[in-house]
Peer 1: 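Before I ask anything, here is the structure I am working with.
Every chain is numbered from 1, with letters handed out A, B, ... down the list of sequences.
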Number of protein chains: 2
Amino acid sequence: MPKPRPLRAAAPSFQPLYLQLRDLLVASLEADEWRPGEAIPSETELASRFGVSQGTVRKAIAALAADNLLVRRQGKGTFVATHTEEHASMFRFLRIRRKDGRDEYPASRIIDVRQGRVPTGIARHLGLRPGSAAIRVRRVLEYAGEPAVLDEIVLPGTLFRGLTKAKVDAYRGSLYSFFETQFGVRIVRAREQVTAVPADTAVAAILRVRPGEPLLAVDRVTYTYGGRPVEWRRGLCTTRRHFYSNELS
Amino acid sequence: MPKPRPLRAAAPSFQPLYLQLRDLLVASLEADEWRPGEAIPSETELASRFGVSQGTVRKAIAALAADNLLVRRQGKGTFVATHTEEHASMFRFLRIRRKDGRDEYPASRIIDVRQGRVPTGIARHLGLRPGSAAIRVRRVLEYAGEPAVLDEIVLPGTLFRGLTKAKVDAYRGSLYSFFETQFGVRIVRAREQVTAVPADTAVAAILRVRPGEPLLAVDRVTYTYGGRPVEWRRGLCTTRRHFYSNELS
DNA sequence: CAGTGGTCTAGACCACATC
DNA sequence: ATGTGGTCTAGACCACTGG
């Protein structure tokens, strides 16, 4: 005898049960019901809680795991994805690789952090009103002491209130780990647009290249749950010893 | 009562049934049992043929559909992926987009096709012996009549015997569609490495930019079933009106 | 209408992790 | 030994497609 299906009944649309459940789980993640790194309830627990079968829970979780929102570990449980212990997928949001193949994680050196207003043009990408408060971070990524990338990062002031150079400098770990633990902002997705530009004199000095030398300009908009943009950045990257890598399928 | 499981019995390793089945299906694809664009047998047919349940067939097919080897269409069947009718996913292997957002498909103009020996350095990427026969194709991609990308393409002579400029020129459709229909070479995956380089005078003339202007250099190795490389190419791309786009998650 | 893939269920068993 | 996710099965029903 089939069980009653409260999820289906509550939603007039024709969305499959497991997708409705997925959206409910995302809502729970947004509501901080389970924190990054923690285990969510077991499949059987969720099945009984939502009144669906374990197979339906499994499909919902599989969809979220495919989007890197959850991580499944056999025998242990299903965990909320986190940027703080990502030594496995360290290069999920870093597509810059060394040509010689020696891929240690780069060091990040903060140049400055400034409060101000969001630049016009960037406001649109972040869904902000022109003139809104914003924080601008500039930093350099260094591989084995050699500067490779100059990042300029623009953040909405409302989400990152209280971000200072001292705090970033004090933090050990990636920038997105910093966002997650210190501001509760969880990065889940990004879109990048890459162009080639000449180095101006200021950038050339920082990256130790000749002025005019071609650089990759990697423009990125980063999103949290629900496709809400939370970061804009431009990375200027020398490709003397590095390249931007991508897999197509 | 559980059925006998011949697949499991035949394989001493501890690979799940659906992965074994997936590999068998890939073998059938390689053996040309089903051609690109054709439908493969229905789930129930495959289930009875291999002595597994429909659910197991479903998981195997889902894995292949996730890798873009098969395409599922509800109510119609499961089809072998093809490059010849890909107006839906036209940009699967083309990451160059127009900055103004008007994304028609570019025209391809062949410059020349030459028989010769594989350049050292590229031989390694293609898994070829140094000095092997190779075919070199140069072409320009034009958006609305304006040249944007200069491609240099190196192909193993053994796989593409008989490829001439006349044949490419006569073909209507994408290059990978040409490979698929004329040579039975099916592209399924690629790896790209992007750097920034200055335009030399010859390239600058073709792309109508100033010599020394920064270009994207997109180096690509393309693979068929089983991870066998079948194409090397370098695309030089002006980013005045275009960019290289990528999604991270 | 029949045939296809898509969803959902229920239950069994397996492999892994931990105690 | 227990609990977790992973696999596999069998069957029912739904949604889409096309004759």
Side-chain angles (χ1 to χ4, degrees), chain A residues 1-25 34 37-66 69-81 88, chain B residues 1-25 34 37-66 69-81 88:
Chain A
M1 188 182 76
K3 280 197 176 187
R5 287 176 291 187
L7 289 176
R8 169 93 70 194
S13 70
F14 283 121
Q15 213 180 12
L17 252 191
Y18 77 93
L19 290 179
Q20 298 177 43
L21 178 54
R22 176 200 61 180
D23 293 343
L24 288 176
L25 294 176
W34 313 301
E38 288 181 7
I40 71 172
S42 74
E43 294 180 351
T44 50
E45 158 70 16
L46 289 171
S48 73
R49 179 185 304 186
F50 289 101
V52 300
S53 79
Q54 190 191 3
T56 301
V57 173
R58 184 179 297 277
K59 278 207 80 170
I61 290 178
L64 292 172
L69 297 189
L70 297 177
V71 178
R72 320 197 68 170
R73 278 180 267 208
Q74 182 171 163
K76 302 185 71 173
T78 300
F79 298 79
V80 181
Chain B
M1 189 183 77
K3 279 196 176 185
R5 288 177 292 187
L7 289 175
R8 169 95 69 193
S13 69
F14 284 120
Q15 212 178 15
L17 253 189
Y18 77 93
L19 290 179
Q20 299 176 43
L21 178 55
R22 178 201 60 182
D23 294 344
L24 287 176
L25 294 176
W34 313 301
E38 287 181 8
I40 70 171
S42 73
E43 295 180 351
T44 52
E45 158 69 17
L46 289 171
S48 73
R49 180 186 300 185
F50 290 101
V52 300
S53 80
Q54 191 190 359
T56 300
V57 173
R58 185 180 296 279
K59 277 207 79 169
I61 291 178
L64 293 171
L69 298 189
L70 297 176
V71 178
R72 318 196 69 170
R73 275 177 256 183
Q74 183 171 161
K76 303 185 71 173
T78 300
F79 297 80
V80 182

Peer 1: Specify the separation, in whole Å, of atom CD of A/Q54 and atom P of D/dC8.
Peer 2: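 In whole Å, D/dC8 P and A/Q54 CD are 15 Å from each other.
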Peer 1: Would you say B/T56 reaches D/dT9's phosphate, i.e. side-chain N/O to OP1/OP2 under 4.0 Å?
Peer 2: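 For D/dT9, OP1/OP2 do have a side-chain N/O of B/T56 under 4.0 Å.
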Peer 1: Using heavy atoms and a sub-4.0 Å distance, could you list which residues of residues 70-80 of chain B are near DNA chain D? By number, please.
Peer 2: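 Result for residues 70-80 of chain B: B/Q74, B/G75, B/K76, sorted by number.
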Peer 1: Who are the side-chain hydrogen bond (donor to acceptor under 3.5 Å, both in side chains) partners of B/E45, not counting sequence neighbours?
Peer 2: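 In terms of side-chain hydrogen bond (donor to acceptor under 3.5 Å, both in side chains), with neighbours along the sequence ignored, B/E45 is linked to B/R49.
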Peer 1: Taking the minimum atom-to-atom distance to the side chain of B/P16, which one of C/dT9, D/dT4, D/dC8 wins?
Peer 2: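 Nearest listed nucleotide: D/dC8.
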Peer 1: A/F50 has an atom CZ; how far is it from atom P of C/dT7, in whole Å?
Peer 2: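 Nearest whole value for this atom pair: 19 Å.
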Peer 1: Is a donor-acceptor contact shorter than 3.5 angstrom present between the side chain of A/R58 and the base of D/dG6?
Peer 2: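 Checked by distance alone, the answer is yes.
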Peer 1: From CZ of B/R22 over to P of D/dG6, roughly how many Å is that when rounded to an integer?
Peer 2: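 Rounded to whole Å, this separation is 16 Å.
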Peer 1: Counting side-chain heavy atoms from C-beta on, which of D/dT4, C/dT4, C/dC8 comes nearest to A/Y18?
Peer 2: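 Comparing D/dT4, C/dT4, C/dC8 against the side chain of A/Y18, the answer is C/dC8.
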Peer 1: Take the protein atom CG of A/L19 and the nucleotide atom C1' of C/dC8, then report the distance between them rounded to whole Å.
Peer 2: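 Going from CG in A/L19 over to C1' in C/dC8 covers 13 Å.
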Peer 1: Distance from A/Q20 atom CD to A/R22 atom CZ, nearest 0.5 Å?
Peer 2: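 A/Q20 atom CD to A/R22 atom CZ measures 10.5 Å (nearest 0.5 Å).
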Peer 1: Counting C-beta onward and ignoring hydrogens, is there a side-chain heavy-atom pair between B/L17 and B/F50 closer than 4.5 Å?
Peer 2: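 No, every pair of side-chain atoms sits at 4.5 Å or beyond.
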Peer 1: Can you tell me how far the CG atom of B/L69 sits from the CG atom of B/L64, to the nearest 0.5 Å?
Peer 2: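 The CG atom of B/L69 sits 5.5 Å away from the CG atom of B/L64.
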Peer 1: Starting at CG of B/L46 and ending at P of C/dG3, how long is that distance when rounded to a whole Å?
Peer 2: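 B/L46 atom CG is separated from C/dG3 atom P by 17 Å.
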Peer 1: Establish, with yes or no, whether the OP1 or OP2 oxygen of D/dT4 is under 4.0 angstrom from a side-chain nitrogen or oxygen of A/S42.
Peer 2: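 Result: yes.
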Peer 1: Among C/dC8, D/dT7, C/dG5, which is the nearest nucleotide to the side chain of B/K59?
Peer 2: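 Of the candidates, D/dT7 comes closest.
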Peer 1: Rounded at 0.5 Å granularity, tell me how far CG in B/L46 sits from CD1 in B/I40.
Peer 2: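 Atom-to-atom, B/L46:CG and B/I40:CD1 are 5.5 Å apart.
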Peer 1: B/L21 has an atom CG; how far is it from atom C1' of D/dT7, in whole Å?
Peer 2: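 Distance, rounded to whole Å: 13 Å.
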Peer 1: Under 3.5 Å, side-chain donor or acceptor atoms of residues 53-62 of chain A against the rest of the protein: list the pairs with distances, not counting sequence neighbours.
Peer 2:
{"unit_1": "A/S53", "atom_1": "OG", "unit_2": "A/G55", "atom_2": "N", "d": "3.3"}
{"unit_1": "A/S53", "atom_1": "OG", "unit_2": "A/T56", "atom_2": "N", "d": "3.4"}
{"unit_1": "A/S53", "atom_1": "OG", "unit_2": "A/T56", "atom_2": "OG1", "d": "3.4"}
{"unit_1": "A/Q54", "atom_1": "NE2", "unit_2": "A/E43", "atom_2": "OE1", "d": "2.8"}
{"unit_1": "A/R58", "atom_1": "NH2", "unit_2": "A/E43", "atom_2": "OE1", "d": "2.9"}

Peer 1: Between C/dA2 atom P and B/E45 atom CD, what is the distance in whole Å?
Peer 2: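 My rounded result for the distance is 20 Å.
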Peer 1: Output all residues satisfying salt bridge (charged side-chain N to carboxylate O under 4.0 Å, His left out) with A/E38, sequence neighbours left out; order by chain, then residue number.
Peer 2: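 Checked A/E38 against salt bridge (charged side-chain N to carboxylate O under 4.0 Å, His left out); zero matches.
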Peer 1: Measure CD/B/Q15 against P/D/dT7 and give the value in whole Å, please.
Peer 2: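 Interatomic distance, CD of B/Q15 to P of D/dT7: 11 Å.
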